Amino acid sequence: MKKIEVKATSKNYPVYVGQNIFEQIPVLIEKKSLHKNVFIVVDENVLGYHLKRIKNIISEKMSKVVVVEYIANEKSKSSKSVEELYECLIKNNFGRDTLIIAIGGGITGDIVGFAASTFGRGVQFVQVPTTLLAAVDSSVGGKTGINYRKTKNLIGSFYQPEFVLIDTTFFKTLKEEEVVCGIGEIMKYAFLGDEKFYYAVCASLQNILKQKHQQTQNIIEACVNMKASVVKADETESGLRKILNLGHTFAHALEVEQDHKIKHGHAVIVGLTCALYLSYFKGILSAQKLIEYIELPLSLQNRISIDKCNIETVYKIMQRDKKSREGKIKFVLLSSPGVLYLDLEAEKETVITALEDGISHFI
Ligand code: GLY
């Protein structure tokens with residue numbers, strides 16, 4: 001198994017990537033001398049396939065193991081669900097010597113991480129991402145949170161895990177739409193890396209879609225390495241880490257406007273398309289490059305659908321994004337892969353046109 005070190009200011013920790021490595025969990029817990037009172041929160045979809053495997057492996061050598069199911073969706077990524085997790089921890093007599101393990105996709109990791117960061121003022125936490133999206137992005141870097149008052153991830157914390165374990169065998173049961181979600185974040189990294197990486201992503205896209213193991217693992221490692229270096233430079237998003245929001249201001253607003261009928265990773269693909277248009281309208285990206293780069297998100301155009309969309313509402317939601325200041329939306333834009341611009345603003349009409357042009361490809 002591969003080991004990638006994340007060196008954040010608050011904590012250093014490893015990310016393990018490999019096939020059939022879930023079995024290593026007890027050894028890794030032992031090696032790091034983590035607590036043996038283990039509270040495991042598992043995404044319901046994963047539980048259906050892997051309950052026995054999870055219980056058998058983690059019960060080994062532990063003092064106490066409680067497994068709870070979490071029905072993961074953007075609506076259950078709420079303060080009510082966090083409270084339910086606290087209740088369950090208290091009911092089962094968990095204290096500060098607890099290790100919480102999140103097994104699931106990005107929503108599960110975010111909410112369970114938030115519960116871990118707040119229960120008893122913070123208990124040990126391990127991430128086991130079981131979706132491609134969580135593996136390449138959300139499980140690494142310590143962002144945790146919940147949705148609040150129709151704003152995505154409004155309440156949250158930066159709280160780094162003890163380790164992240166990416167066992168690619170979990171991906172075998174993913175539906176294609178989930179793989180597409182992961183590719184959404186991979187496309188983001190394609191635009192954040194250099195041209196060489198951008199073309200490598202373009203070349204391996206179909207193989208990732210078909211879940212070819214080696215290509216998928218290579219891309220996961222490349223994305224995690226990239227994320228680790230960004231988090232090392234700026235753990236709490238005061239500067240460089242903002243690049244990881246490329247396409248996300250558009251995406252989050254679209255998700256809310258669509259009442260979460262569009263999945264996050266799909267919305268990221270639409271959001272990247274809008275960001276490319278806005279980069280062009282702002283004079284940062286040439287017409288020729290717009291045509292070239294837009295090919296990447298549009299290569300999955302027929303796997304994403306948006307029913308109907310009120311652009312004015314999307315704009316209003318973007319204004320209340322947590323990164324906006326006094327209604328002024330801050331954008332991450334680009335002139336080529338790896339050449340990013342942070343905190344840019346744009347006239348409302350320009351943003352609306354970028355939204356209309358970007359979204360039109362997916363209607
Ligand atoms: N998903 C963006 C970040 O972790 O900063």
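Just so it is clear, the model here is predicted, and its values are computed rather than measured. When a ligand or atom number is given, it counts from 1 through the structure's own listing order. Residue indices begin at 1 and follow the sequence shown. Side chains included, hydrogens not; waters and symmetry mates left out as well; all remaining heavy atoms used.
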Decide if the gap between the ring center of Y341 and the ring center of F331 is smaller than 6.0 angstrom.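 Judged by ring-centre distance (under 6.0 Å), Y341 and F331 do not meet the cut-off.
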If we check side chain to side chain donor-acceptor pair (under 3.5 Å) with N218, which of these qualifies: E221, Q214, Q215?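 It is Q214, the one option of E221, Q214, Q215 that forms the side chain to side chain donor-acceptor pair (under 3.5 Å) with N218.
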Can a donor-acceptor pair be found between the side chains of T144 and S157 at a distance below 3.5 Å?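 Looking only at side-chain atoms, S157 and T144 do form a donor-acceptor pair, the distance falling under 3.5 Å.
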Can you find a side-chain donor-acceptor pair between H35 and E162 that sits under 3.5 Å?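 The answer is no; no qualifying pair exists.
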What is the closest protein heavy atom to atom 1 (N) of ligand 1, and at what distance does it sit?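 For atom 1 (N) of ligand 1, the nearest protein heavy atom comes out as D137 OD2, 2.8 Å.
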Got the closest protein heavy atom to atom 5 (O) of ligand 1, with its distance?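 The closest one turns out to be R241 NE, 2.8 Å.
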Please classify the K227 to ligand 1 contact at 4.0 Å (heavy-atom distances, strictly less than): side chain, backbone, both or neither.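 The part of K227 near ligand 1 is the side chain, not the backbone.
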